[in-house]
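Residues take their numbers from the sequence shown, with the count starting at 1. Every value quoted in this text rests on a predicted model; they were computed, and no experiment measured them.
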Amino acid sequence: MRGYIPPRTSEEQVFVKKTTRILELCDGLGKVQFSLFMDLRQQELFMAQANKYPDVNVQLICGYDGDGERKLAVCCPAYLGAENVTCPMVVLRAKLTDDGLSHKDFLGAAMSLKIDREYMGDIIISDGCVYMICHKNVADIIREELFSVKRSSVSFEIWDNPLSFEKQYSEERTTTVASLRTDSVVAAVLNKSRTEAVKLIRQGNVKVNQMDVENVDFEIFDNDIISIRYNGKFKIFCDGGKSRKDRIFIKIAKY
């Protein structure tokens, strides 16, 4: 497993200060506290700070049963379980009138309402509907002001039923790499040379779990998510299997 990577930017340092304040309030006052929605990197930073507070139980919640990406933290005193807490999260659902609409289209529409990204969880398109998980503070704004997405009409309602989604990928393939260094894996993901992969990494075009990576030898682990600017987002699965030529098998799943 990859070890903890401390905050590396001023934005991450500010985030850790906010995280510490949330945990201190829960620990000191004995009251439930919540974070806003966090990406994968922020979740790692949050849980690293939470480990310093043994009397605080922290649970990361995405709002549905499945492999969610964006989650908020529920921080409870040790004597109180998260299952007894009302989470400030709302699931909105709208039926689709245009099958061509994407996650990006709905996120852009929400952002156009001046909603900060940290108030938005995952957006899932499934079975002719779109589900938007959001903070309760912005749910009414979306319901009352978001009526169209790329000229397609939408009408959101609160969805109280249980949700369960399996992650859907547009493409899956298995290949081999010489090592699990970022340059080697990025080259395999894009079917490019390692030289081209190194250039992309050093130009700041690659993120691993929402963290900027500029070191070509940064190691990739099982279930890491690699985002490559202008090329998409990919999940890497590697169970340690090797070929006869001692190359490492990986599965690449494109979002």
Side-chain angles (χ1 to χ4, degrees), residues 1-17 19-20 35 37-52 58-60 62 66-73 117 122 166-255:
M1 294 292 292
R2 180 183 298 118
Y4 170 60
I5 300 175
R8 305 193 304 174
T9 66
S10 57
E11 289 80 6
E12 289 187 351
Q13 290 171 355
V14 170
F15 175 80
V16 169
K17 288 181 179 179
T19 294
T20 301
S35 74
F37 285 99
M38 303 177 286
D39 62 30
L40 295 174
R41 171 60 175 160
Q42 291 171 331
Q43 291 167 36
E44 291 179 354
L45 291 170
F46 195 104
M47 295 309 296
Q49 295 305 308
N51 288 335
K52 301 176 182 178
V58 178
Q59 184 172 345
L60 299 178
C62 66
D67 186 19
E69 278 191 41
R70 293 186 63 81
K71 300 177 181 180
L72 59 75
R117 187 69 176 98
D122 287 345
E166 290 188 11
K167 187 71 70 177
Q168 299 295 315
Y169 301 104
S170 63
E171 176 188 336
E172 294 183 48
R173 61 188 172 90
T174 299
T175 187
T176 62
V177 291
S179 74
L180 292 174
R181 287 166 44 121
T182 300
D183 56 351
S184 182
V185 175
V186 168
V189 165
L190 299 179
N191 285 318
K192 294 182 179 292
S193 69
R194 185 173 289 192
T195 299
E196 292 174 292
V198 167
K199 183 177 180 181
L200 284 171
I201 295 165
R202 289 181 172 165
Q203 287 177 338
N205 291 319
V206 175
K207 293 178 181 285
V208 176
N209 297 339
Q210 299 299 316
M211 180 177 64
D212 291 320
V213 173
E214 296 183 12
N215 294 328
V216 299
D217 59 353
F218 186 81
E219 188 173 2
I220 301 300
F221 285 83
D222 186 38
N223 289 314
D224 275 352
I225 295 176
I226 298 178
S227 303
I228 307 172
R229 187 174 297 169
Y230 309 124
N231 288 278
K233 186 165 63 173
F234 309 82
K235 191 163 188 174
I236 307 300
F237 300 91
C238 44
D239 60 8
K242 291 189 176 183
S243 69
R244 293 182 179 179
K245 295 184 178 180
D246 206 36
R247 291 177 62 87
I248 302 168
F249 282 108
I250 63 171
K251 184 171 80 172
I252 301 167
K254 183 175 183 179
Y255 284 77

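- Taking CD from Glu219 and OG1 from Thr182, the interatomic distance works out to 9.0 Å, rounded to the nearest 0.5 Å.
- Under the 3.5 Å distance criterion, the side-chain polar atoms of Asn205 are left unmatched by any main-chain donor or acceptor of Ile228.
- Applying the 6.0 Å contact sphere to CZ of Arg8 captures more than 12 heavy atoms from other residues, nucleotides or ligands.
- Heavy atoms only, all atoms of each residue included: Ala187 and Ala197 are closest at N-CB, 3.7 Å.
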**Asked** Hey, mind stepping through Glu12 and Ile5 against side-chain contact (heavy atoms from CB on, under 4.5 Å) and telling me if it holds?
**Response** CA-CA 11 Å; Glu12 289 187 351; Ile5 300 175; over 6 Å; no
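- Between the CG atom of Asp246 and the OG1 atom of Thr176 there is a distance of 11.0 Å, given to the nearest 0.5 Å.
- Here CG of Asp224 is found 8.0 Å from CD1 of Ile236. Values are rounded to the nearest 0.5 Å.
- Between the Asn51 side chain and the Gln49 main chain, no donor and acceptor come within less than 3.5 Å of each other.
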**Request:** Could you please spell out the steps behind the side-chain contact (heavy atoms from CB on, under 4.5 Å) verdict for Met47 and Leu60?
**Result:** CA-CA 9 Å; Met47 295 309 296; Leu60 299 178; 4.0 Å; yes
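- Of the charged side-chain nitrogens involved, at least one lies within less than 4.0 Å of a carboxylate oxygen, so that Asp183 and Arg181 count as a salt-bridged pair.
- Residue Glu196 holds its CD atom at 10.5 Å from CG of Asn191, rounded to the nearest 0.5 Å.
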**Message:** Checking Arg194 against Ser184 for the side-chain contact (heavy atoms from CB on, under 4.5 Å) test, could you report, in this order, the C-alpha distance in whole Å, the side-chain angles of both residues, the deciding distance, and whether it holds?
**Reply:** CA-CA 6 Å; Arg194 185 173 289 192; Ser184 182; 3.2 Å; yes
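- The pair Arg41-Glu11 does not meet the salt-bridge criterion, since no charged nitrogen lies less than 4.0 angstrom from a carboxylate oxygen.
- Remark: side-chain polar atoms of Gln42 are not paired, donor with acceptor, to backbone N or O of Lys71 under 3.5 angstrom.
- Minimum heavy-atom separation, Ser35 to Met38: OG-CE, 3.6 Å.
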**side-chain contact (heavy atoms from CB on, under 4.5 Å) between Ile225 and Val208, worked out** = CA-CA 6 Å; Ile225 295 176; Val208 176; over 6 Å; no
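- If you look at Tyr255 and Phe234, their ring centroids are not closer than 6.0 Å.
- Taking CD of Gln43 as the start and CG of Leu72 as the end, the distance is 9.5 Å to the nearest 0.5 Å.
- More than 12 heavy atoms of other residues, nucleotides or ligands sit less than 6.0 Å from atom CD of Gln203.
- Within the model, atoms CD1 of Ile250 and OG1 of Thr174 stand 8.5 Å from one another, a figure rounded to the nearest 0.5 Å.
- The neighbour count for Lys17 NZ, taken as heavy atoms of other residues, nucleotides or ligands under 6.0 Å away, does not exceed 12.
- The two residues Ala253 and Glu172 have their closest heavy-atom pair at CB-CG, 4.0 Å.
- Asp67 and Lys235 are joined by a salt bridge, as a carboxylate oxygen and a charged side-chain nitrogen come within less than 4.0 angstrom of each other.
- There is no side-chain donor-acceptor pair under 3.5 Å between Lys207 and Gln210.
- For the residue pair Ser179 and Ile248, the shortest heavy atom distance occurs at CA-CD1, 4.0 Å.
- Counting heavy-atom neighbours within 6.0 Å of Lys199 NZ, excluding the residue itself, gives a total of 12 or less.
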